[in-house]
Asker: 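Submitted below is the structure of interest, expressed as structure tokens.
Just so you know, these numbers use all the heavy atoms, side chains as well, and skip hydrogens, waters and symmetry mates.
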Amino acid sequence: MTKKKKSTEDHDHDLFENPEAIAEQFSRTEQFIEKNKTLVSVVAGIIVVAIVGYMFSNYYIQGQNDNAQRDMFQAVYYFEADSLGKALNGDGNNYGFLEIISEYGMTDAANLANYYAGATYLKLGDFENAVRYLSAFSASDYIIQARAYSLIGDAQMELGNYAEAAAQYEKAADYNANKQFSPTYLVKAAIANEQAGNLNSAKDNYQTIVDDFYGVVEYQESVKQLARLEGLAN
């Protein structure tokens, strides 16, 4: 007769009931660890880093973000009241946007402060800093991110960088394109492209409005401007 193999359950039973089996199992584990010290150390290090990173993200950064949002409340108030110096630099008791960015750099609030700082510099006529801070901002929200691209375009227009301005306006128009905002950005792009001497690109901007956004406020003006540019080309 063929000898019946031990089942897994029998093997597990041996481990619990037989001290020699337990010792043998520990010995094999120790041998594996001894032969693979580097691998074990790397895996352990990765686990520790992951745990520390998770705790840092969920507790420290979240706490910092909560503090930053509270501190930014007054700066936003000053921005909306056109007290632009205080919005940027604070009032001696409350932080301005620049201090929020400096003190809470890894938080969502600091990211939003970049947007406000860039918009503030744009109002103040400091167009290079406007580009700097608005470019540091990023968001998944299609309205505010597209608005940031458009504001960068406004600053580049003021700096005379018309081709770059057009590129920013086109980014704004293409970012989750929609009837509410994209036609406005495309008109701005067309104006910037024409200023840069890129008449074909300007025509493309108006053509996109005509083809994709029938019925919007900008539609009739785009038809007229498209005809004008085509006349210039002839």
Side-chain angles (χ1 to χ4, degrees), residues 65 69 72 75-76 79-80 82 84 87 97 101 107-234:
N65 191 58
Q69 288 179 340
M72 195 165 67
V76 173
F79 175 82
E80 292 175 349
D82 279 336
L84 302 180
F97 296 126
I101 294 166
T107 65
D108 292 337
N111 179 49
L112 184 58
N114 277 309
Y115 174 86
Y116 276 111
T120 303
Y121 277 121
L122 185 62
K123 287 185 175 185
L124 290 170
D126 187 343
F127 304 118
E128 290 182 353
N129 269 322
V131 171
R132 173 189 170 190
Y133 284 97
L134 287 164
S135 297
F137 169 77
S138 63
S140 58
D141 182 278
Y142 80 94
I143 294 176
I144 193 170
Q145 182 60 74
R147 176 66 174 159
Y149 291 144
S150 180
L151 291 178
I152 295 172
D154 292 345
Q156 295 288 14
M157 284 290 284
E158 295 291 344
L159 291 168
N161 301 326
Y162 302 122
E164 179 58 31
Q168 292 295 326
Y169 292 138
E170 287 169 355
K171 281 175 69 175
D174 291 340
Y175 195 80
N176 289 305
N178 58 89
K179 281 190 172 185
Q180 189 174 5
F181 299 105
S182 294
T184 300
Y185 298 142
L186 285 167
V187 169
K188 286 188 168 188
I191 293 169
N193 273 316
E194 188 169 359
Q195 289 280 352
N198 300 325
L199 298 187
N200 286 333
S201 295
K203 285 196 295 182
D204 288 342
N205 298 142
Y206 288 124
Q207 190 67 59
T208 300
I209 296 172
V210 172
D211 292 343
D212 297 344
F213 300 105
Y214 177 80
V216 298
V217 173
E218 296 83 0
Y219 180 85
Q220 290 299 331
E221 183 64 22
S222 297
V223 171
K224 184 171 72 174
Q225 294 299 327
L226 186 58
R228 178 182 63 82
L229 290 174
E230 287 174 345
L232 290 176
N234 297 328

Asker: Rounded to the nearest 0.5 Å, what's the gap from NZ on K188 to CE on M157? Could you check?
Answerer: 9.0 Å

Asker: Using atom types as modelled and distance alone, determine if a side-chain donor or acceptor of Y162 lies under 3.5 Å from a backbone N or O of I191.
Answerer: no

Asker: Taking the side chain as C-beta and beyond, is there a heavy-atom pair between Q156 and L159 under 4.5 Å?
Answerer: yes

Asker: Q69 side chain to A109 main-chain N or O, any donor-acceptor pair under 3.5 Å?
Answerer: no

Asker: Which heavy atom of E218 sits nearest a heavy atom of V187, and at what distance?
Answerer: CG-CG2, 3.9 Å

Asker: Using the rule given for side-chain contact (heavy atoms from CB on, under 4.5 Å), can you reason through I144 versus L112, listing the C-alpha separation, both sets of side-chain angles and the distance that settles it, and then say yes or no?
Answerer: CA-CA 10 Å; I144 193 170; L112 184 58; 3.9 Å; yes

Asker: Counting N and O atoms only, with roles assigned by atom type, does the side chain of T208 sit under 3.5 Å from a partner on the main chain of D204, one being a donor and the other an acceptor?
Answerer: yes

Asker: Nearest 0.5 Å, what's the CG-CG distance between D108 and N65?
Answerer: 5.0 Å

Asker: Working to the nearest 0.5 angstrom, can you tell me the gap between E221 CD and R228 CZ?
Answerer: 9.0 Å

Asker: What's the shortest heavy-atom distance between N178 and P183, and which atoms?
Answerer: O-CD, 3.4 Å

Asker: Would you say the side-chain atoms of N114 pair up with the backbone N or O of S135, donor to acceptor, closer than 3.5 Å?
Answerer: no

Asker: Using a 4.5 Å cut-off on heavy atoms from C-beta on, say whether the side chain of L151 contacts that of Y115.
Answerer: yes

Asker: Give me the ring orientation class for F97 and Y116: parallel if the planes are under 30° apart, tilted from 30 to 60°, perpendicular past 60°.
Answerer: parallel

Asker: Quick check against the 3.5 Å criterion: does S222 have a side-chain atom that pairs as donor or acceptor with the backbone of Y206?
Answerer: no

Asker: Decide yes or no for E194 and L229: does some side-chain heavy atom of the first lie under 4.5 Å from some side-chain heavy atom of the second?
Answerer: yes

Asker: How about K224: does its NZ atom have over 12 heavy atoms from other parts shown lying under 6.0 Å from it?
Answerer: no

Asker: To check you understand the geometry: which heavy-atom pair defines the closest contact between A163 and A196, and what is its length?
Answerer: N-CB, 3.8 Å

Asker: Ignoring hydrogens, what is the shortest heavy-atom contact between I143 and D141? Give both atom names and the distance.
Answerer: N-OD1, 3.0 Å

Asker: Are any non-hydrogen side-chain atoms of L186 and Y169 less than 4.5 angstrom apart?
Answerer: no

Asker: Specify the closest pair of heavy atoms between L134 and G118, including all atoms of both residues, with the distance to one decimal.
Answerer: CG-CA, 3.7 Å

Asker: Is there a side-chain contact between Q145 and S138 (heavy atoms, below 4.5 Å)?
Answerer: yes

Asker: Can the ring centroids of Y219 and Y214 be said to lie less than 6.0 angstrom from one another?
Answerer: yes

Asker: Rounded at 0.5 Å granularity, tell me how far CG in N205 sits from CD in Q225.
Answerer: 12.0 Å

Asker: So Y175 and K171, do their side chains get closer than 4.5 Å, heavy atoms only?
Answerer: no

Asker: Out of curiosity, F137 CZ to I101 CD1, how far, rounded to the nearest 0.5 Å?
Answerer: 11.5 Å

Asker: Check for a donor-acceptor pair, side chain of N193 on one end and backbone N or O of A166 on the other, with a separation under 3.5 Å.
Answerer: no

Asker: On a heavy-atom basis, which atom in A202 and which in A190 lie closest, and how many Å separate them?
Answerer: CB-O, 3.5 Å

Asker: To the nearest 0.5 Å, what is the distance between CG on D82 and NZ on K123?
Answerer: 4.5 Å

